[in-house]
Amino acid sequence: MLLLIGVLAAGLTGAPPASATGSPTGVAVTVARFAPPDQATKAYTYDTALIAPGAAVMVVASPARTSTKTLLSVYGLVPNRTYGAHAHQRPCGALPTDAGAHHQHAVDPVQPSVDPAYANPDNEIWLDFTTDARGRAVVAASVPWRFADRRAGSVVLHAERTATEPGRAGTAGPRLGCATVRF
C-alpha cells in the first residue's frame, strides 16, 4: 500500500508514472485530484462532503492474456466509510450521469441493468472499498475478460456498497465522484 501511495503522490506532484503517457502494453493509468465539475479535468467530485476537492485518486487497468486487473487507490476521503465503485461506459463530465451506465462485458438487454446474471463482479468491474482512519483505501479487482471494441471510460465512486440481490444488483446509491480512465 505504501508503494501505491508513493506512486500516487509522485504522479500528483510531478512527472506521471512511465505508463501514464501511453504504453504498448495496453496499461491505462489515471492519477488525479478530485475537483468540482467547473474546475475538473480528470476527476470530478459531485458531493464535496463525501469526496472533498483535493482528494486523490489513482486507477491502473492492466490487461493480461485472458483477463483485466484494475487497481483503485484513493486518499483524502471520509475516514472509515464504505463506498461503491465501478467502471462506467463513458468519461466523466459536469453531470454525474455523463459517465453512463456500468460497463458490462455481456450487455444486459434490459436497462437499467439490475439482473444479477449481468450486474455482477465477473461481468462488470466492481471496486467497492472502505477507507481507513486516514481516508485512504486501495482495492483491486480482476475480471475474466479483456476489453475489445467497447471500452469503459471511467470509474465512478458511489455512496453505498454495491447491491447483489435481484432487482437491485449493481446499484450503489448516488454518484459521488468520477475519474476518467482510458481503458
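Computed from a prediction, not measured in an experiment: that's the story for all the values here. The first residue of the sequence shown is numbered 1, and numbering continues consecutively from there.
- With sequence neighbours excluded, the residues satisfying side-chain hydrogen bond (donor to acceptor under 3.5 Å, both in side chains) with Arg168 are Glu165.
- Within the 4.5 Å cutoff, the side chain of Tyr44 has no heavy atoms near those of the Pro91 side chain.
- Under the side-chain hydrogen bond (donor to acceptor under 3.5 Å, both in side chains) criterion, Asp128 pairs with Thr162, sequence neighbours left out.
- Taking OG1 of Thr30 as the reference point, atom CG of Leu72 lies at 10.5 Å (rounded to 0.5 Å).
- Gln104 and Ser113 are linked by a side-chain donor-acceptor pair at a separation below 3.5 angstrom, with hydrogens and angles left out of the test.
- Across all their heavy atoms, Ala133 and Pro79 have their closest contact at O-CB, 3.3 Å.
- For the side chain to side chain contact (heavy atoms under 4.5 Å, CB included) with Tyr118, the lone residue among Asp115, Val114, Asn120 that qualifies is Asp115.
- Evaluation of the side chain to side chain contact (heavy atoms under 4.5 Å, CB included) rule for Thr164 yields Trp126 as partners, not counting sequence neighbours.
- Atom NZ of residue Lys42 and atom SG of residue Cys178 lie 13.0 Å apart, to the nearest 0.5 angstrom.
- For Phe129, the ring-ring contact (aromatic ring centres under 6.0 Å, His included) test picks out Tyr83, with sequence neighbours left out.
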ask   = Should Val107 and Arg150 be marked as a side-chain contact (heavy atoms from CB on, under 4.5 Å) after you check the CA-CA gap, both sets of side-chain angles, and the distance that decides it?
value = CA-CA 11 Å; Val107 180; Arg150 290 181 313 101; 3.6 Å; yes
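- Rounding to the nearest 0.5 angstrom, the gap separating the CG atom in Leu157 from the CG atom in Leu50 is 10.5 Å.
- If you take CZ on Arg134 and CG on Asn80, they are separated by 12.0 Å, rounding to the nearest 0.5 Å.
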List the atom pairs, with distances to 0.1 Å, where a side-chain N or O of residues 95-102 and a protein N or O form a donor-acceptor pair under 3.5 Å, not counting sequence neighbours.
| from | atom 1 | to | atom 2 | distance (Å) |
| --- | --- | --- | --- | --- |
| Asp98 | OD2 | Ala94 | N | 3.1 |
| Asp98 | OD2 | Leu95 | N | 3.0 |
| His102 | ND1 | Glu124 | OE1 | 2.7 |
| His102 | NE2 | His86 | ND1 | 3.2 |

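- Hydrophobic clustering places Val139 together with Val143 (ILVMFWY residues linked when any side-chain heavy atoms are closer than 4.5 Å, directly or through intermediates).
- A donor-acceptor pair is defined here as one N or O able to donate and one able to accept, closer than 3.5 Å; no such pair exists between the side chain of Arg136 and the backbone of Ser73.
- In this structure, the separation between CD on Gln89 and CZ on Phe183 is 12.5 Å, given to the nearest 0.5 Å.
- For an aromatic pair to be called close, the ring centres must be under 6.0 Å apart, and Phe147 with His103 satisfies this.
- Across all their heavy atoms, Arg182 and Ala28 have their closest contact at O-CB, 3.0 Å.
- You'll find the side chain of Thr131 stays beyond 4.5 Å of the side chain of Val78, heavy atoms only.
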Side chains of residues 57-70: which donor-acceptor pairs under 3.5 Å do they make with residues two or more places apart or in other chains?
| from | atom 1 | to | atom 2 | distance (Å) |
| --- | --- | --- | --- | --- |
| Thr68 | OG1 | Trp145 | O | 2.8 |

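- More than 12 heavy atoms of other shown residues, nucleotides or ligands fall within 6.0 angstrom of atom CZ in Arg81.
- Considering Thr45, Thr48, Leu176 as possible partners of Phe34, the one that fulfils the side chain to side chain contact (heavy atoms under 4.5 Å, CB included) test is Thr45.
- With no hydrogens or angles considered, a side-chain donor-acceptor pair links Thr130 and Thr82 at under 3.5 Å.
- Across every non-hydrogen atom of Ala40 and Ala35, the tightest pair is CB-O, 3.6 Å.
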message = Let's go through Arg175 and His88 carefully: what are the C-alpha distance in whole Å and the side-chain angles of both, what is the deciding distance for side-chain contact (heavy atoms from CB on, under 4.5 Å) to 0.1 Å, and is it a yes or a no?
response = CA-CA 11 Å; Arg175 297 175 187 203; His88 279 248; 3.6 Å; yes
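- Put simply, Leu77 and Val156 are part of two different groups of oily side chains (I, L, V, M, F, W, Y) that touch within less than 4.5 Å, one to the next.
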